[in-house]
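I have placed the structure first, in the form of structure tokens, so that the comments after it can refer back to it.
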Amino acid sequence: MMPATPQWWRVDPLEPFQLGPRLIPGRIWTASGCFAYGLTGHEMTAPGFASPFAGLGAVVTKTVTPAARAGNPMPRLVETPCGALNSIGLENVGLDAFIRDVMPELEKRGVPFVASIAATCPEQFGEMARALQETGGGLRHWHGLELNLSCPNVAEGGHDFGKDPHTVAACVRAAREQVTDRALLAKLTPNVGDIAALAVAASGAGVDAVSAVNTFVGLEVDLATGEPILPRRFGGYSGPAILPLALAKVDEIVRKAGVPVVGVGGIATAEDALKFFALGAVAVQVGTAQMRDPFSAATIARRLHEIYLGNKRG
Amino acid sequence: MMPATPQWWRVDPLEPFQLGPRLIPGRIWTASGCFAYGLTGHEMTAPGFASPFAGLGAVVTKTVTPAARAGNPMPRLVETPCGALNSIGLENVGLDAFIRDVMPELEKRGVPFVASIAATCPEQFGEMARALQETGGGLRHWHGLELNLSCPNVAEGGHDFGKDPHTVAACVRAAREQVTDRALLAKLTPNVGDIAALAVAASGAGVDAVSAVNTFVGLEVDLATGEPILPRRFGGYSGPAILPLALAKVDEIVRKAGVPVVGVGGIATAEDALKFFALGAVAVQVGTAQMRDPFSAATIARRLHEIYLGNKRG
Amino acid sequence: MAAPGLPRPCRCEGVVTGNEPLGPGLLRLSVRLPLEPGFVPGQFAMLNLPAGRAWTFGRPLSILDWLAGEVSFLYRVVGRGTGELAGLKPGAAVTFLGPLGTPFPLDLGGRKAVLVAGGVGLPPLFAWRKQRPQDVAAAYFGARDQEDAPWPLLDSGWRVGLEDLGPSARGGARQGLVTDLLEEDFPADGTRDDCTVLACGPWPMLEAVHRQARRRGWPCWLSLEEHMGCGYGACKGCVVPVADGPDAWRPATCCQDGPVFDAAHLAWPQLERT
Amino acid sequence: MAAPGLPRPCRCEGVVTGNEPLGPGLLRLSVRLPLEPGFVPGQFAMLNLPAGRAWTFGRPLSILDWLAGEVSFLYRVVGRGTGELAGLKPGAAVTFLGPLGTPFPLDLGGRKAVLVAGGVGLPPLFAWRKQRPQDVAAAYFGARDQEDAPWPLLDSGWRVGLEDLGPSARGGARQGLVTDLLEEDFPADGTRDDCTVLACGPWPMLEAVHRQARRRGWPCWLSLEEHMGCGYGACKGCVVPVADGPDAWRPATCCQDGPVFDAAHLAWPQLERT
Ligand SMILES: Cc1cc2nc3c(=O)[nH]c(=O)nc-3n(C[C@H](O)[C@H](O)[C@H](O)COP(=O)(O)OP(=O)(O)OC[C@H]3O[C@@H](n4cnc5c(N)ncnc54)[C@H](O)[C@@H]3O)c2cc1C
Ligand SMILES: Cc1cc2nc3c(=O)[nH]c(=O)nc-3n(C[C@H](O)[C@H](O)[C@H](O)COP(=O)(O)OP(=O)(O)OC[C@H]3O[C@@H](n4cnc5c(N)ncnc54)[C@H](O)[C@@H]3O)c2cc1C
Ligand SMILES: Cc1cc2nc3c(=O)[nH]c(=O)nc-3n(C[C@H](O)[C@H](O)[C@H](O)COP(=O)(O)O)c2cc1C
Ligand SMILES: Cc1cc2nc3c(=O)[nH]c(=O)nc-3n(C[C@H](O)[C@H](O)[C@H](O)COP(=O)(O)O)c2cc1C
Ligand code: FES
Ligand code: FES
């Protein structure tokens, strides 16, 4: 009982496309935090696939901060009937280790990637961007920089940081000054009343696209105790449950702000991805589904390629 | 594989409780728009139940506006894997017919009810409240007034109306002046960055509790056409998918604003309801689940009463 | 409120006793229920799966028959819900809310019924004919082709029209639309003015049948289909425009005011626009 | 990355070939897979249901055995996932991602293994014993009571300790904890210093076993349990604190760096705090 193949789909997700100054290898990406640094899962096999990286346009790497972070206490994940809450707390190796260990390895393995960074002020974003540019400028597989302006799990600043259009603009500007020949993206929080305003601000300050959306603030209660399950009470809600919410946010941005959007949120199948493309997204990212199945994004890319070929012939 | 009976639950949901000036018959309510005007379903039977109204603390009636409204074109509902989008567009009989036909009938049948109203400016809220008070003041079963400050489906004003704390306060004040001996509630939109600020405003202006939350803005795409399914593009997202989001909003209000909350959003089982009570909600409303099964709220009330009795004995 | 005289709807869990295919993607589902309020032809039930696997909303299916504690349905697999229904084996649990809605009139005030059923629109008219055999002037069933027709339900009392007759004319089926058959049997020359049409099926068929009824001066009752949420008048998710004075209309619920409407009460300009 | 020398994990769909109860809420699941990379004892798989009914995250289960295209698991029903697994009949589809994680060492450098298993912690040690029978000095299995023990898996090579022995001493079971049995067989007097402990089971058991190993100067490998999202190192949802220099610690992943850890590498102060 699959819906009929959408006749309107005439784009090859495996075809490189221009995003700002950069030609990106494809339109199906993995989302930050759900596929680590793109160095995990290379050895995995599945019937018909060379690896989970087959056909990926980019891996958006786990957000790194200026210094390494140990993240939040356990439990960090709560499954819900149609999604999950996470409270990883931005555990990451830090910018230096990322530049030193991760980037060269991605380059060596030929993994197309977009680096994701978070900081607590515009200046820091600028410094991180400069550091990446200095070392990464020569890398063939480094395609873009995503500014994570929205992680709801970080105590210092994270929460309200990305909700203010002025701050968003300032962070973008600082990064854009440093990174001019790679695609620059701002990842927006959906936990605001007017996400289009954030997109307008980011666009005015020079991003090539916004990534929408990051997780929604959610909470789950432990019935045995009556207390929230996650140690920080709140977590980021992701997975199929948020698909209609993410689609609404993307539509708002596309129609009100006219800014290119990379769609994220609840994508688990090719059909889910198509819904974002139908609204005008230029690419999509697969998050939670990639955790369940490392071949999710590769499967989506292949299936959309097949639909594309079918429609081209037909 | 039910979670163990929560030992901390020591409240009888069937016991009347004080909410502002009014003693409300119980803590399990139905949500506005999901059980019509409380005049539907009386004749229904289910094994062990006298009617779907057994044990209900209140029916929050469908929101009425000053004049009758025909609502939006079809389709008005889209089912999603874990919830639904609706775009009813506030179809309602209008305030006059509500006062003339609905209220006396509810009184006659002994249905405890909270009237829900929506208007486009504070003055109108005041006038509607006065009209209700004039006719309803003598009714035994009229327990409260819920101001719907958040319907995302109404073109004129509805969308951004309830997002501004000042407007919220003004509407509440206008209604409070007229209705002093019934519980006054403001139903808040979750589509804002800071719902606690709305709750603070509503509380400062005199509500006895806030109802949180109304639906989240969502969108679904028709894959055949690539267009949104709903004629107004967006719809209100409800059902189990929004439970963790609603819990987060309620927790924010309780802990940041300290305002009494009636919890709404995704409740389908007694366990779901308990999660809201665990966070401090004084009552809960059942919406989408009541549409699937008219005995949902009654079943939840009975089950929580049983758990209460068990814990009292134990 | 259910109109007076209608059975009280019940909400209960039932057990599947049969789910046989009557054609490709066409099945008859039988469910044993603990309660049996009975039904009037044209009424439907909201079926769902039990907690844990339930869909957000039930699926409306017309009641085909209800005998000795067992209610039955005829349905076509079109999407998620009917697809999952088709996978149920005897013994599986389903939830039932029904009977719901305003049915076809049983008393036609002395007129004779012309029953017109298209595809899975058969159940209400099958049930009507079963309850009032003596009042039926003619019964038509139309479908796309042989595979589309639930043959075990179609005894010789039904004249069957198939858009695509195919090689073998099973059960006396004829090539053509039900409206062609009706046109043949009842010329619009005023000779037969004592009938009432009762119809259920796809929208183009209902429109055509309605035009035929008007030309013959027959009363006409149509069972309409709308996407539903609650099925019992609680959500206003299933509206049908009905006339409200000249040139004006108002929304009625398909689930409670309908699904069966007197065609004369419908707001045709609004209906035709959609 | 899987450490060099480990089999390449695969993601594929399998078919349930068996799902027998070995006790109340205790089952052995067998699944036929199209690929067979093999496994090292201590590795696990993420199991899930196919699209449409899948849980957000797979459920980690240790691999018990893998023979002739059929992989098997021993599991206890504790919640939604294992509850739904228990309902699967032969022929049902499941998705499989595995083998995953860092296993127990197979080569103990000449030392003898003392295997300690608690409840559903049995699979890794069952598999270890099957692969290296000659290297086992002793094998202990502990459980709450008779009903808690998967008897068909416990041949006479296992010394069984039950907290509540009950009326009949089945399979030579003894009253008491596994640590009591170990204490009995291996007095902490230095007479037996050539062993290595491999343990998997509930946390209090692991802590106790670790203390016993330290007292005897034995290396100690523990298989830990944490809630998991991805199971393959992608999400950092399953961290275990490991020592990082004196007094410092860093998060390691239970799914990739573990589930088996050298007890000497764990950050015990942090572990004991949780
Ligand atoms: C009063 C009434 C009686 C009906 N009786 C029958 C019957 O006897 N036999 C039969 O085969 N079908 C009948 N239908 C149509 C049947 O309800 C739909 O085919 C069914 O709901 C499709 O569900 P799905 O999940 O398989 O399809 P999907 O398209 O996946 O469903 C998505 C949503 O749309 C709704 N929907 C989709 N198609 C229809 C439709 N045609 N009418 C109403 N809602 C729809 C579903 O209920 C669901 O909420 C009846 C409809 C109504 C309103
Ligand atoms: C490496 C590893 C190997 C395991 N091997 C086995 C085994 O061989 N046999 C066996 O019976 N159990 C084993 N477990 C525990 C098993 O994974 C859980 O019992 C199971 O995930 C519970 O799922 P549920 O949906 O039934 O429970 P729920 O409590 O409903 O699950 C909710 C969530 O919590 C997680 N969760 C709950 N309990 C545990 C737990 N103890 N450990 C990890 N996650 C948990 C679930 O995976 C799920 O994401 C293992 C755990 C790990 C980490
Ligand atoms: C476990 C987990 C970790 C995440 N970590 C990050 C992160 O480090 N940076 C970031 O920008 N987004 C992070 N996200 C958000 C995802 O990138 C994505 O925006 C969100 O999960 C919605 O998409 P999904 O529904 O496909 O998962 C994380 C999400 C999950 C589930
Ligand atoms: C069909 C439908 C109609 C609704 N109409 C109204 C309404 O008129 N007024 C209102 O305040 N909320 C309305 N709501 C919102 C619900 O009252 C409730 O706040 C929301 O659906 C979340 O709860 P739930 O997940 O239990 O449905 C409506 C919801 C649905 C699904
Ligand atoms: S389906 Fe809810 S009113 Fe008809
Ligand atoms: S479960 Fe995702 S890193 Fe371990």
Less than 4.5 Å to any heavy atom of chain B: does that hold for the side chain of A:Leu85, its backbone, both, or neither? side chain

Scanning both residues in full, the closest heavy-atom pair of A:Phe216 with B:Leu245 reads CB-CD2, 3.5 Å

Hey, could you give me the CG/CD distance between A:Leu247 and B:Glu220, rounded to the nearest 0.5 Å? 6.0 Å

With a 4.5 Å cut-off on heavy-atom pairs, point out which of B:Asp194, B:Thr225, B:Ile242, B:Val78 contacts chain A the most. B:Thr225

Return each pair, listed once, that meets ring-ring contact (aromatic ring centres under 6.0 Å, His included) where at least one residue sits in residues 247-291 of chain B; pairs must be two or more places apart or across chains. B:Trp9-B:Phe277

Quick one: does A:Tyr237's side chain have a donor or acceptor within less than 3.5 Å of a partner on B:Ala241's backbone? yes

So B:Leu279 and A:Val221, side-chain contact (heavy atoms from CB on, under 4.5 Å) or not? Walk me through it. CA-CA 8 Å; B:Leu279 297 178; A:Val221 171; 3.9 Å; yes

Treating A:Lys163 as the side-chain partner and B:Gly193 as the backbone partner, does any N or O pair qualify as donor plus acceptor under 3.5 Å? yes

Let me see the working for A:Leu223 and B:Leu274 under side-chain contact (heavy atoms from CB on, under 4.5 Å), right down to the final yes or no. CA-CA 7 Å; A:Leu223 279 179; B:Leu274 277 173; 3.8 Å; yes

Check the pair B:Leu219, A:Lys249 against side-chain contact (heavy atoms from CB on, under 4.5 Å), reporting the backbone distance first and the verdict last. CA-CA 9 Å; B:Leu219 187 153; A:Lys249 296 289 184 187; over 6 Å; no

Taking all atoms of both residues into account, what is the closest heavy-atom pair of B:Pro244 and A:Thr80, and its distance? CG-CG2, 4.1 Å

Nearest heavy-atom approach of A:Gly226 to B:Ala278 is O-CB, 3.4 Å

Separation of A:Asn191 CG from B:Asn191 CG (nearest 0.5 Å): 11.0 Å

Between A:Gly83, A:Gly218, A:Gly239, A:Pro81, which shows the greatest number of heavy-atom pairs under 4.5 Å with chain B? A:Gly218

